Structure formats: structure tokens, C-alpha cells
Amino acid sequence: MKRDDQVDCRGVIVAHYGVAVEVAFADGQRCAVRVKRNSGHVIGDEVVIRGEVLRRLPRRTELRRRDATGHIHLLAANLDLLGIVVAPVPVMPPNFLDRAIVAARAADLTPFLVVNKVDLDSDVLIAALRTTYAASLPIFPLSAASGAGLDPLRAFFSSGHRGAFVGTTGVGKSSLLNALCPAIDLRVGELNDYNDKGCHTTTVSTLHALPDGGELVDTPGFQDFGMVAISAEELAAYFPGFEENGVNTCRFRNCRHRSEPRCAVIARVEQGVVSAERYRTYLELLDEVEASEVVDRQRSWKD
Ligand code: GDP
Ligand code: ZN
């Protein structure tokens, strides 16, 4: 498609193919624009195009992950939801959910919880998750395989939300994406012309419009959210269960809620509003995060 070289056209990056991005415009039209391989553009970026020149607009949010070597990668921009997917199998790694919720909130994304595979024995898991997390985030028990429970999630997205799913391998993220967005398979391999080596193009990432409204980002390679980097400050500010009506109850900046005088979190534990078990989980995770921050600092001295 040819666009006017003299006119600014504002759009959103809906697919990233390494050396090209696909931009969708408000009128529904799309065009492909070549980019440098490390141009830093990501899915969800709002851009202004004039001729062949792509200018990125400031981002509202950024979704990042950390790889096994400790490097941070930007995965998507301008999302507002992060769906954390768990299932009765595979069993989630310890602290996975708390870390993911903290990371989402720290990135200004609204987390929600999907309990997939409810066709399997999952009542105990759902009840336990509801007890701990129902006051902190919406919970959607469903089955991507049977379609049961998908409608409330569709409704949740339908008011124009844009989100992505995270979760460990095997919980059913791809199945869920396919169930919510049946057109996904049709998109694969559409932009083969942009592959200069003549072999099959692999899509780095794609933004899919859902039939009932809302959008979902498919981020291949973003399997394991366990590697996510959260700081001790973020943990103290966003640990699920310490908030009241969504607001952090401890007003002290930098308070780690460990033994600080007049800390509202400690007071709520003493009053039994926050369970001792929940508080213990927090302290364990805090130790873990602080220990990895020490390792990170040592690594950055060596770099
Ligand atoms: P991903 O690694 O998170 O993308 O997970 P997949 O979508 O590849 O699914 C992993 C496995 O779980 C596959 O064998 C799916 O068939 C299975 N699976 C996905 N959703 C469901 C479900 O709702 N119920 C059951 N029983 N299995 C499911
Ligand atoms: Zn405190």
C-alpha cells in the first residue's frame, strides 16, 4: 500500500518481523515498513509515518523480561492488562504468581489471573487462589480446550483493553490465544516477502484484535515469567494482599515492612487482617529478591 509522502499517518505496530514491522492505522488499513534489526520498535508501539520514515511516540507502558544471562528485553509497549496463566498441571513454580503480579503492577499493567484446564481436577487450586488473591485481582477459571468459562474473559477484554498472557510452558497460553482469537493461525507467514534469505519468516510478535473487542499480544519466547526482574522496593509496594482497595496500606516510602516502627503492614499482620502465612511468603520473597540484587550489583561491577 502506498501512503502519501507528505502526510503524517499515525498507527500502531501490530506485527514485528525482525527487519520489518506492520503498522495498522485507525481506518483499518495496514502497511509494512522496513526497520533496522535493532531499531528498538516493539509491538504496541504507536508511530507516525511519513513516507518511509517511522517515528515512535512516547510509550504509556512497557513489558519487559529478563533472559537467563540477566539482560532485559522489551517485549511490548502500551499494554494495559497482563494475564497470568496457571493450571493444575504443570504446577506453578514457588512464588511465581506473587512475582508476576508485582512485576505487572510495577510496569503499570493491571494483572488478572487465568486458571486454565478447569476440565481437570482443579477445585482445590481455584479455592486456594480465590482465598489468597480474590481481593487483589480478577480471577477467571476456564478451559481453553473446552471453551468453558471463556465468555467472562472475552467481556473483560471487550472494552478496548490490550493485554498479553504470561505463564510457564505448558499451562496453555497458546491454546488460550487460539480459543480467544480463531483468526490467529491465518496470520502466520503472511509477510514472507520481507525475508531476504528466502526462507520461512518467523514472526517475532503479533498484536491480534479479538472478535468481541480488545487486543492480545502473542509474544513467542516469553514463556517463562520466572526470570522477571523485580526490585525489593517494587515487592514492598505491590505485594498482593498488603493493599486495601488497591492502595498500599503502608505509607512510608522505602519501608520493607520487616521491623520498621509504625509500619501499617506489620500492624495488619498483628491484627490478623493479613495472614501470618502470607506475611511469611512476603518475607521469604523479599530475602530472595534482596539476595539477587546483591548478585546483580556484583555483576554490574564486573561488566
Ligand atoms: P503453552 O506452553 O502455555 O503455550 O501451552 P499450550 O497451549 O501449548 O498447551 C500445553 C498443553 O496443555 C497442550 O497439550 C494442550 O493441549 C493442553 N491444554 C491447553 N488447554 C487445556 C485445557 O483447557 N484443558 C486441558 N486438559 N488441557 C489443555
Ligand atoms: Zn511498611
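Whatever order the structure lists ligands and atoms in, that order sets their numbers, starting from 1. On a predicted model such as this, the values are computed, not experimentally measured, just so you know.
Only the side chain of N116 comes within 4.0 Å of ligand 1, counting heavy atoms alone; its backbone N, CA, C and O stay farther away. Residue contacts with ligand 1, taken as heavy atom pairs separated by less than 4.0 Å, do not involve L142 at all.
Applying the ring pair (Phe, Tyr, Trp, His ring centres under 6.0 Å) definition to pairs two or more places apart or across chains, those involving residues 263-296 are F239-Y282, F242-Y282, H257-Y282.
Put simply, the side chain of T131 gets close to the backbone of A127: a donor and an acceptor are under 3.5 Å apart. In this structure, the side chain of E284 does not engage the main chain of T281 through any donor-acceptor pair within 3.5 Å.
By heavy-atom distance, the residue among A145, S174, P88, G147 lying nearest atom 22 (C) of ligand 1 is A145.
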### Query
What's the verdict on salt bridge (Lys or Arg N to Asp or Glu O under 4.0 Å) for D108 and R59, showing C-alpha distance, side-chain angles and the deciding distance?
CA-CA 12 Å; D108 241 349; R59 294 172 176 142; over 6 Å; no
### Query
So R105 and E243, salt bridge (Lys or Arg N to Asp or Glu O under 4.0 Å) or not? Walk me through it.
CA-CA 12 Å; R105 289 176 170 173; E243 73 279 34; 2.8 Å; yes
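You'll find the ring centres of Y133 and F112 outside the 6.0 Å limit.
At under 3.5 Å, not a single nitrogen or oxygen of T169, backbone or side chain, sits near a nitrogen or oxygen of ligand 1. For ligand 1, the polar-atom distance check finds an N/O of K173 within less than 3.5 Å of one of the ligand's N/O atoms.
The contact set between ligand 1 and L120, taken as ligand atoms under 4.0 Å from a residue heavy atom, comprises 26 (N).
Atoms of the protein (N, O or S only) found under 2.8 Å from the Zn ion (ligand 2) are C250 SG, C255 SG, H257 ND1, C263 SG.
Remark: L120 pairs with P88, V89, K117 by the side-chain contact (heavy atoms from CB on, under 4.5 Å) rule, at least two apart or across chains. With sequence neighbours left out, E233 forms a salt bridge (charged side-chain N to carboxylate O under 4.0 Å, His left out) with R256.
Counting heavy atoms from C-beta on, the side chains of S136 and L113 never come closer than 4.5 Å.
Residue contact check for ligand 1: G170 places a non-hydrogen atom closer than 4.0 Å to it.
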